[in-house]
2 protein chains.
Amino acid sequence: MEVRPKRILIADDEPDILEIVSYNLGKEGYETYTAKDGNEAIERAKQLNPDLIILDIMMPKKTGVEVCRILRTQPLFQDTLIVFLTALNDDASHIKGLETGADDYVSKPISPKVLVSRVNALFRRIHKEDGKTLKIGNISIDPVRFIVSIDEKEVMLAKKEFELLFLLGSKPGRVFLRNEILSQVWGTDVIVGDRTIDVHIRKVRQKLGVDCITTVKGVGYKFEI
Amino acid sequence: MEVRPKRILIADDEPDILEIVSYNLGKEGYETYTAKDGNEAIERAKQLNPDLIILDIMMPKKTGVEVCRILRTQPLFQDTLIVFLTALNDDASHIKGLETGADDYVSKPISPKVLVSRVNALFRRIHKEDGKTLKIGNISIDPVRFIVSIDEKEVMLAKKEFELLFLLGSKPGRVFLRNEILSQVWGTDVIVGDRTIDVHIRKVRQKLGVDCITTVKGVGYKFEI
DNA sequence: ATTTTGTGTAAACAGAATGTTACCATGGAA
DNA sequence: TTCCATGGTAACATTCTGTTTACACAAAAT
């Protein structure tokens, strides 16, 4: 399965930092976006639904810790990786950062190499599961062979259909919001109509012949047996 | 749901380090085990199957990096968390550690607090499943799966119904005024009639089949078992 | 006892959200 | 080229939710 490039949002009030971090991560193949204060970080996070967010601790409007706490209260950002960036090299803020729900912590002055390798390490840790066949009850979803099996019976899905099912199947039971689905399967830059998701959901349901996708009206869809 | 204490294996050739790390993690509720060189680390890892392994980079017999590489080749240790411990504070070894497949990296001199909080953060990342689920007695309210369970029996609520219950359930026993409910669930801009809340309360009561919402006349409602 | 105030309940309605179908554009394969 | 699979849109059908209305009932106030 083709992998969409990871989206990283970087929030810092120093343009130099934004640029150097953005440049180095971009070189690694990440899609980078920036924000220059806490409020903008939250706003852009909601709009972009990034895979990882790098937050400077000391920022105008809202500190990185505040932004982290606010984002973490929302289900949408439960899985988002968060890394703190700070000039304070002391233990206290270090611990505070991690306890707030950050996944890592890098102190300034930043070595681009270190930052990149830590980011890579975080993604590696999360995506150990990548490439593995998902098995939920009698349904298995194989991203390598691009095939879905139901009780040993194999079903072929089109790319988008497969990606959609794979996303939902990756966390059975969890509800995926419509924008989440849009940004994960279609990407943030593409603009598609309102009925597009529904139509694809329908196609998947039809091809599978099993009712394993539940609609949660006003919210989204979830995979459930 | 009760959780078995996490097992942590610590490998270092300095007895002092072993003791201080073991003591501090033990105090946090982890089950700790030690090894004094690379070979012993591998041996004990196989025997204990720990959830997390802390490896000193500089150890006799085999270095931490070697141990990590060897363990990572085995399926059993694919998901095991690995943290490196080192006196070398330079970037080179740092990067090397993470690229080898470690999940984190802490440099000596070790601050026990920092180590403990990083370990906590690693585990928190692994089980973020049950993060936001409210549990009150035999009722659990899961905003990620959008499901309410009563004694393992699952109930689906409509969006507003769910939000209403979630609000009340977020502070069991506390009375929520009608305007409070209005502003939290419906928002400040929306104007709805007086009976709307009642009707929703009724629907929730009906669907749950359990009497867990108490009316406080002239005031509001509260969640109570 | 009567009125007033607050809440419970059922039914009905409007409109939002989703399901469904048919159709079009595109691009690769035969 | 033609054919076909894919992905997207538009238009309509259907379902479900949220809200209101109307009234019953209960408790408190008069």
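Letters A, B, ... mirror the listed sequences (proteins, then strands); counts begin at 1.
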According to the salt bridge (charged side-chain N to carboxylate O under 4.0 Å, His left out) rule, which pairs have a member within residues 14-28 of chain A, sequence neighbours left out?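 Applying salt bridge (charged side-chain N to carboxylate O under 4.0 Å, His left out) to every pair that reaches into residues 14-28 of chain A, excluding sequence neighbours, yields A:Glu14-A:Lys108.
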With salt bridge (charged side-chain N to carboxylate O under 4.0 Å, His left out) as the rule and sequence neighbours excluded, what pairs involving residues 189-198 of chain B come up?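 Qualifying pairs, neighbours excluded: B:Arg178-B:Asp198, B:Arg195-B:Asp198.
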Side chain to side chain donor-acceptor pair (under 3.5 Å) partners for [X], two or more places apart:
{"X": "B:Asn138", "result": "B:Asp151"}
{"X": "A:Arg145", "result": "A:Asp142, A:Glu154"}
{"X": "A:Asp211", "result": "none"}

Using a cut-off of 4.0 Å between protein heavy atoms and nucleotide atoms, how would you tag nucleotides 11-30 of chain C 5' to 3' with B, S and -? ------BBBBB---------
Please list, chain by chain and in numerical order, all residues satisfying side-chain contact (heavy atoms from CB on, under 4.5 Å) with B:Thr214, sequence neighbours excluded.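 Partners of B:Thr214 under the side-chain contact (heavy atoms from CB on, under 4.5 Å) test: B:Lys222, B:Glu224.
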Enumerate the ring-ring contact (aromatic ring centres under 6.0 Å, His included) contacts for residues 27-74 of chain A, please, sequence neighbours excluded, ordered by first and then second residue.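 Every ring-ring contact (aromatic ring centres under 6.0 Å, His included) pair that includes a residue of residues 27-74 of chain A, provided the two are not neighbours, is A:Tyr30-A:Phe123.
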Considering only heavy atoms of chain B and a distance under 4.0 Å, specify the first and last nucleotide of DNA chain D in 5' to 3' order that meet this criterion.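 Going 5' to 3' along DNA chain D, contacts run D:dT17 to D:dA27.
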